[in-house]
*Asks:* 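Okay, handing you the structure first.
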Amino acid sequence: MWPASRNELIEIQRALAGATPDPWWPPRDPPAIGAAVVVFARGQTGPGARGDPAWSAAAVLRRRQVLAEAMLAGAAAGPYAPGLLALREGPCLESCLRALAVAPDVVLVDATARDHPRRAGLALQLGAVADVPTVGVTHRPLLARGEWPDDERGAWSPLVLAGERVGVWLRTRRGARPLAVHPGWRTTLEVAIDIVLMAARAHRTPEPLRHARRLARVARADAARTVARRACDE
DNA sequence: GCGACAG
DNA sequence: ATCTTGTCGC
């Protein structure tokens with residue numbers, strides 16, 4: 001499910017685009033919302049390459065309580081290219097999701113889903129591989145277009161790709177740029193909006209994503225500190 | 001050929 | 001992805 005070659009990934013994406021998993025609905029109680037992120041070395045710019053040092057982290061939160069955390073040091077599976085993000089981040093994201101001691105009900109990921117050249121972005125694929133409902137949250141769409149919503153928390157407007165509604169611009173905070181929210185594996189547009197609004201209260205970015213990113217950066221800083229200490233000792 | 005381009 | 005300086009507001 002995580003190929004090393006572009007052509008193989010493209011084939012998987014084509015197959016995944018036609019999958020029709022059962023929709024997931026949030027429980028009546030607040031769900032355990034997870035997130036997984038990958039960060040790369042400071043100063044590294046551009047598409048990168050296979051083997052680049054990468055630190056991944058995941059977290060599960062219910063309301064504001066942290067139920068589980070995971071951090072891993074690893075390596076990028078490949079370079080980044082638009083439409084092929086899974087080639088770079090897929091394996092790291094799955095690994096740290098599997099390292100969580102508490103399984104999340106739904107997972108947030110920095111990626112698109114149907115907003116993709118083959119309608120199968122990483123948010124969709126990660127959910128299929130890890131067998132968990134997902135919602136994509138990005139700063140901007142990959143291909144879809146749409147006007148911004150009103151400047152009010154909860155306001156949203158459609159993101160459209162080739163006449164199809166593939167996501168929404170969602171305002172999680174007044175005065176802040178909206179997020180691009182992508183229904184992913186087993187999530188409807190309404191559920192995706194609901195989950196993101198539930199997870200993003202105090203800040204624009206949903207708390208599980210912020211928490212996971214903080215953890216990944218701590219792992220990266222710890223690695224840098226260890227390298228510096230080794231250099232000092234010699 | 002040129003710009004656009006999740007992270 | 002990563003960097004950056006400055007500005008505004010609690």
*Asks:* Just call it for A/Thr138: base, sugar-phosphate, or nothing, with non-hydrogen atoms closer than 4.0 Å on any strand.
*Replies:* sugar-phosphate
*Asks:* With a 4.0 Å cut-off on heavy atoms, is A/His116 in touch with a base, just the backbone sugar-phosphate, or nothing at all?
*Replies:* base
*Asks:* Could you list the residues that satisfy side-chain contact (heavy atoms from CB on, under 4.5 Å) with A/Ala103, not counting sequence neighbours?
*Replies:*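 Applying side-chain contact (heavy atoms from CB on, under 4.5 Å) to A/Ala103 gives none.
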*Asks:* Given C/dC3, B/dA6, B/dG7, which nucleotide is nearest the side-chain atoms of A/His139?
*Replies:* B/dG7
*Asks:* Hey, is A/Asp52 close enough to A/Arg88 for a salt bridge, meaning N to O under 4.0 Å?
*Replies:* yes
*Asks:* Round to a whole Å and report the spacing from CG of A/Leu179 to P of B/dG7.
*Replies:*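 About 11 Å, once rounded to whole Å.
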*Asks:* At less than 4.0 Å, is any side-chain N or O atom of A/Arg217 found next to OP1 or OP2 of C/dT2? Yes or no.
*Replies:*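 Answer yes for this pair, as a side-chain N or O of A/Arg217 is under 4.0 Å from OP1 or OP2.
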*Asks:* Whole angstrom is fine here: how far is it from CZ in A/Arg140 over to P in B/dA4?
*Replies:* 11 Å
*Asks:* Drop me the distance from A/Ser56's OG to A/Leu215's CG, to the nearest 0.5 angstrom.
*Replies:*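 Answer rounded to 0.5 Å: 10.5 Å.
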*Asks:* Could you give the CH2-to-C1' distance, from A/Trp2 to B/dG7, as a whole number of Å?
*Replies:* 13 Å
*Asks:* Starting at the 5' end of DNA chain C, what dot-bracket string do you get if Watson-Crick and G-U pairs under 3.5 Å are bracketed, crossing pairs use [ ], other-strand pairs use | and unpaired bases use dots?
*Replies:* ..........
*Asks:* Indicate whether A/Phe40 forms a stack on C/dA1; treat it as stacked only if centroid distance is below 5.5 angstrom and interplanar angle below 30 degrees.
*Replies:*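 Check failed, A/Phe40 does not stack on base of C/dA1.
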*Asks:* Short of 4.0 Å, heavy atom to strand atom, which residues of residues 151-178 of chain A count as contacting DNA chain C?
*Replies:*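 Here the set is empty: none.
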*Asks:* Tell me whether A/Gln13 contacts the main-chain N or O of A/Gly83 through its side chain, where contact means a donor paired with an acceptor under 3.5 Å.
*Replies:* yes
*Asks:* I want to check one thing: is the phosphate of C/dT2, taken as OP1 and OP2, less than 4.0 Å away from some side-chain N or O of A/Arg220?
*Replies:* yes
*Asks:* I'd like to know if the side chain of A/Asp115 reaches the main chain of A/Leu143, judged simply by a donor and an acceptor atom lying under 3.5 Å from each other, with no hydrogens or angles considered.
*Replies:*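 Judged by distance alone, yes, a pair lies under 3.5 Å.
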*Asks:* Base, sugar-phosphate alone, or nothing: which one does A/Gly136 contact when heavy atoms must sit under 4.0 Å apart?
*Replies:*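 Answer is nothing: A/Gly136 stays at 4.0 Å or more from every strand.
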*Asks:* How is A/Leu84 classified with respect to the nucleic acid when contacts are heavy atoms under 4.0 Å: base, sugar-phosphate, or nothing?
*Replies:*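 Base, at least one base heavy atom under 4.0 Å.
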*Asks:* Specify the separation, in whole Å, of atom CD of A/Gln44 and atom P of C/dT2.
*Replies:* 9 Å
*Asks:* Select base, sugar-phosphate, or nothing to describe what A/Leu143 touches, counting heavy atoms under 4.0 Å on all strands.
*Replies:*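 Contact class for A/Leu143: none.
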*Asks:* If we check salt bridge (Lys or Arg N to Asp or Glu O under 4.0 Å) with A/Asp110, which of these qualifies: A/Arg210, A/Arg213, A/Arg140?
*Replies:* A/Arg213
*Asks:* If you look at every strand shown and take non-hydrogen atoms under 4.0 Å, does A/Gly121 touch a base, only sugar-phosphate, or nothing?
*Replies:*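 Touches a base.
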*Asks:* Quick check against the 3.5 Å criterion: does A/Thr187 have a side-chain atom that pairs as donor or acceptor with the backbone of A/Thr134?
*Replies:*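 Side chain of A/Thr187 to backbone of A/Thr134, a donor-acceptor pair under 3.5 Å: yes, one is there.
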*Asks:* Measure the distance from CZ on A/Arg42 to P on B/dG7 and round it to the nearest whole Å.
*Replies:*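 Result: 19 Å.
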*Asks:* Would you say C/dA1 has OP1 or OP2 under 4.0 Å from some side-chain N or O of A/Arg88?
*Replies:* no
*Asks:* Rounded to whole Å, please give me the gap between CG in A/Asp52 and C1' in C/dA1.
*Replies:*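 Value for this atom pair: 10 Å.
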*Asks:* Just by distance, no angles: are the side chains of A/Arg119 and A/His116 close enough, under 3.5 Å, to form a donor-acceptor pair?
*Replies:* no
*Asks:* Answer with base, sugar-phosphate or nothing: what part of the nucleic acid does A/Gly48 contact at a heavy-atom distance below 4.0 Å?
*Replies:* nothing
*Asks:* Using a cut-off of 4.0 Å on non-hydrogen atoms, how would the nucleic acid contact of A/Val39 be classed: base, sugar-phosphate, or nothing?
*Replies:*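 Since only primed, P, OP1 and OP2 atoms lie under 4.0 Å of A/Val39, the category is sugar-phosphate.
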*Asks:* Which distance, rounded to the nearest 0.5 Å, do you find between the CG of A/Leu124 and the CG of A/Leu126?
*Replies:* 10.0 Å
*Asks:* Rounded to the nearest 0.5 Å, what's the gap from NE2 on A/His182 to CG on A/Leu142? Could you check?
*Replies:*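 Atom-to-atom, A/His182:NE2 and A/Leu142:CG are 8.5 Å apart.
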